[in-house]
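Chain letters run A, B, ... following the sequence lines, proteins first, then strands; residues in each count from 1.
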Number of protein chains: 2
Amino acid sequence: MTGPRIRQAALRLFARHGYAAVSMRQIASEVGLQAGALYNYTPDKQALLLSLMTGHLEDLLARSARAEGTGPAEARLEAFVRFHIAYHLDRPDEVFIAYMELRNLEPDHFAQVEALRRRYEDRLEAILAAGRDEGVFDVPDTKIATLAVIAMLTGVTTWYRPAGRLSADAVAGLYWDMVRKTVAA
Amino acid sequence: MTGPRIRQAALRLFARHGYAAVSMRQIASEVGLQAGALYNYTPDKQALLLSLMTGHLEDLLARSARAEGTGPAEARLEAFVRFHIAYHLDRPDEVFIAYMELRNLEPDHFAQVEALRRRYEDRLEAILAAGRDEGVFDVPDTKIATLAVIAMLTGVTTWYRPAGRLSADAVAGLYWDMVRKTVAA
DNA sequence: GGTTGATCTGAACGGTTGTTCAGTTAATCT
DNA sequence: AGATTAACTGAACAACCGTTCAGATCAACC
C-alpha cells in the first residue's frame with residue numbers, strides 16, 4: 001500500500017512545485033511517514049522521478065498501440081488524436097512531469113526517457129507517412145508535422161480545466177478538426 | 001556591465017537546470033563574483049527570475065506589435081507566425097524560462113506574468129477573429145484555435161537546432177503552411 | 001591628496017537538503 | 001509463546017541554501 005501512495009504523493013508534488021523544489025521530507029509528510037522510510041521503496045530521489053516518467057511513458061505507449069488499431073491512415077490519425085487528448089487530460093500530472101523534468105535527469109536516465117518518447121512520436125509519424133502514401137495527406141515533412149501536431153495536442157494540458165466550458169470530448173473534437181485540416185491533401 | 005552579465009548568467013543557468021536547482025553561488029561564480037555581490041543588482045533571487053520573465057514578455061509584445069502591421073487577416077497571421085518562430089528560435093533560453101518557471105513565481109508575480117502572456121495570446125486571437133469576420137478563416141472556437149496554434153509554434157523550440165537540416169526560415173515556411181491550412185475556410 | 005561613493009569580499013546566520021542507520025514497533029509464522 | 005521479518009522512527013551526518021553585513025578595495029571627484 002505504501003509504495004503506490006509514495007509515488008502518488010511524489011507525482012502530485014513534483015508536478016505542482018517541480019522536482020528540485022520538493023524535498024523528501026515533504027513527500028514523506030504527505031504520506032504520513034518520516035523521510036527515512038521512503039528509502040524502503042526507492043533507492044534515491046532521482047530513481048523515484050525516473051520511475052514515474054518511464055511508468056507513464058510505457059503506459060502511454062501500450063495504450064496508444066491498443067487505441068490506434070488498423071485501417072486507413074485517416075481513421076488511425078483520428079484515433080491517435082482522440083486517444084492522445086483523452087489520455088493527457090486524464091493524467092495532467094504525469095504529462096507535466098514527463099516533459100518538464102527532463103533536465104533534472106542524469107544523462108543515462110535522460111536517454112532512456114527520450115527513447116520512449118521517440119517511440120511514441122514514431123507511431124504518429126508512421127501514420128502521417130502512410131496517409132501521404134495513400135494520397136490522403138499532404139505532408140511535405142513528416143518529422144516536422146509529427147512534432148507540430150504533438151505539440152499542438154499536448155498544449156491542451158496547459159489550459160484545460162474539467163469545470164471549464166468545454167467537455168473533454170468537445171475539446172478532442174475541435175482538435176481533431178484542426179489536425180485533419182493541417183494534414184489534409 | 002555587471003548587471004547584464006548577471007542576468008545573462010542567470011538566464012542560461014535557469015534555462016539549463018531550472019530555477020530551483022540553481023543557487024545564487026552558481027550564478028555569482030559564472031560571473032566571477034561572490035554570492036553577496038549579486039544583491040547589489042537584485043533584491044533577491046525571486047526578483048531576478050521575475051525580471052527575466054517580464055523583460056522577455058514585454059520585448060515579445062513590443063516586437064510582435066511592430067512585426068504584425070496592418071492589412072488583411074491572412075497577411076497579419078503570416079507575419080505573426082513568421083515573427084513568432086524567428087523570435088523564439090533566437091531566444092530559446094528566455095522562452096524556456098517564461099513558461100517553465102511559472103510555478104516558481106509567487107502568486108502576485110505569477111498574475112503579473114500571466115497578464116503579459118494573455119495580452120500576447122489576445123493579439124493572435126484578434127487576428128483569427130478578424131479573418132473569420134472577413135470570411136477567409138474557418139475557426140469555430142477562436143480561443144481554442146489561438147492556444148492550439150501558439151502551442152504548435154512554440155513547440156519548435158524543443159527540437160530546433162541551428163546546425164540541423166533545416167534553416168530557421170525553412171522551418172517558419174513549413175509551420176506557416178500548416179497554420180494556414182489549420183484555419184483555412 | 002584626501003574624501004566620497006560604489007563595488008565587492010569573506011565570513012557568518014539560521015535553516016534545509018538527501019541520505020544513513022541503530023533501534024523501536026508490530027504483525028506473521030512456527 | 002517465542003522467533004522472525006518487514007516497516008518505520010528519530011536522530012545524526014556533511015553539505016548546501018538565500019541572505020546579511022562589516023570591512024576592504026579602488027576609481028572618480030574636489
Side-chain angles (χ1 to χ4, degrees), chain A residues 1-55 93 97 100-110 112-113, chain B residues 1-55 93 97 100-110 112-113:
Chain A
M1 283 269 23
T2 308
R5 287 182 62 215
I6 290 174
R7 295 172 57 87
Q8 196 183 338
L11 186 73
R12 224 178 58 93
L13 288 170
F14 288 165
R16 207 83 83 224
H17 309 292
Y19 172 77
V22 172
S23 71
M24 296 298 269
R25 282 170 181 82
Q26 281 175 58
I27 299 172
S29 139
E30 193 90 349
V31 188
L33 295 175
Q34 295 296 319
L38 301 183
Y39 291 83
N40 290 325
Y41 301 92
T42 181
D44 51 33
K45 193 187 176 188
Q46 170 86 198
L48 182 52
L49 174 62
L50 176 65
S51 151
L52 290 173
M53 284 181 157
T54 56
D93 288 346
I97 288 178
M100 210 84 163
E101 301 295 357
L102 286 169
R103 58 185 168 183
N104 289 115
L105 254 27
E106 291 155 16
D108 285 2
H109 299 157
F110 177 84
Q112 199 176 328
V113 170
Chain B
M1 284 268 25
T2 308
R5 288 182 60 214
I6 290 174
R7 293 171 58 87
Q8 196 183 337
L11 187 73
R12 222 179 58 93
L13 289 170
F14 287 166
R16 207 83 80 225
H17 309 291
Y19 172 77
V22 172
S23 72
M24 295 299 269
R25 283 170 180 83
Q26 281 176 59
I27 299 171
S29 138
E30 192 90 350
V31 189
L33 295 175
Q34 295 295 320
L38 301 182
Y39 291 84
N40 290 324
Y41 301 92
T42 181
D44 53 32
K45 191 187 177 188
Q46 170 87 195
L48 182 52
L49 174 62
L50 176 64
S51 152
L52 290 172
M53 285 181 158
T54 56
D93 288 346
I97 288 178
M100 209 85 162
E101 300 295 357
L102 286 169
R103 59 185 168 184
N104 288 115
L105 254 26
E106 291 155 15
D108 285 3
H109 298 158
F110 177 84
Q112 198 174 328
V113 170

Discussion item. Would you say that B/Phe14 contacts B/Met100 through its side chain, given a criterion of any heavy-atom pair below 4.5 Å between the two side chains?
Written reply: no
Fill in: B/Lys45 and B/Glu101 ion-paired at < 4.0 Å
no
Worksheet item: Do the side-chain N or O atoms of A/Ser23 get closer than 4.0 angstrom to the phosphate oxygens (OP1, OP2) of C/dT17?
Response: yes
Worksheet item: Hey, is the side chain of B/Thr2 poking within less than 4.0 Å of OP1 or OP2 on C/dC8, counting only N and O atoms?
Response: yes
Worksheet item: Stepwise, does the side chain to side chain contact (heavy atoms under 4.5 Å, CB included) test hold for A/Glu30 with A/Ile27?
Response: CA-CA 5 Å; A/Glu30 193 90 349; A/Ile27 299 172; 5.7 Å; no
Practice prompt. Return yes if some donor-acceptor pair links the side-chain N/O of B/Gln46 with the main-chain N/O of B/Glu106 below 3.5 Å, else return no.
Written response: yes
Practice prompt. Determine yes or no for a side-chain-to-main-chain donor-acceptor pair under 3.5 angstrom, with B/Arg103 supplying the side chain and A/Ala15 the backbone.
Written response: yes
Worksheet item: Going from OH on B/Tyr41 to CG on B/Leu33, what distance comes out if it is rounded to the nearest 0.5 angstrom?
Response: 7.5 Å
Item to complete: Could you grab the distance from atom CG of A/Leu38 to atom CG of A/Leu48, nearest 0.5 Å is fine?
Response: 8.0 Å
[N] [atom2] sits how many Å from [X] [atom1], rounded?
X	N	atom1	atom2	value
A/Asn40	D/dT5	CG	P	16 Å
B/Tyr19	D/dC17	OH	C1'	12 Å
A/Tyr41	D/dT9	OH	C1'	13 Å

Discussion item. Among residues 43-54 of chain B, which ones have heavy-atom contacts with DNA chain D below 4.0 Å?
Written reply: B/Asp44, B/Lys45
Worksheet item: Near DNA chain D, which residues from residues 24-39 of chain A have a heavy atom under 4.0 Å away?
Response: A/Arg25, A/Gly32, A/Leu33, A/Gln34, A/Gly36, A/Ala37
Item to complete: Evaluate whether atom CD of A/Gln8 has more than 12 neighbouring non-hydrogen atoms of other residues, nucleotides or ligands under 6.0 angstrom away.
Response: no
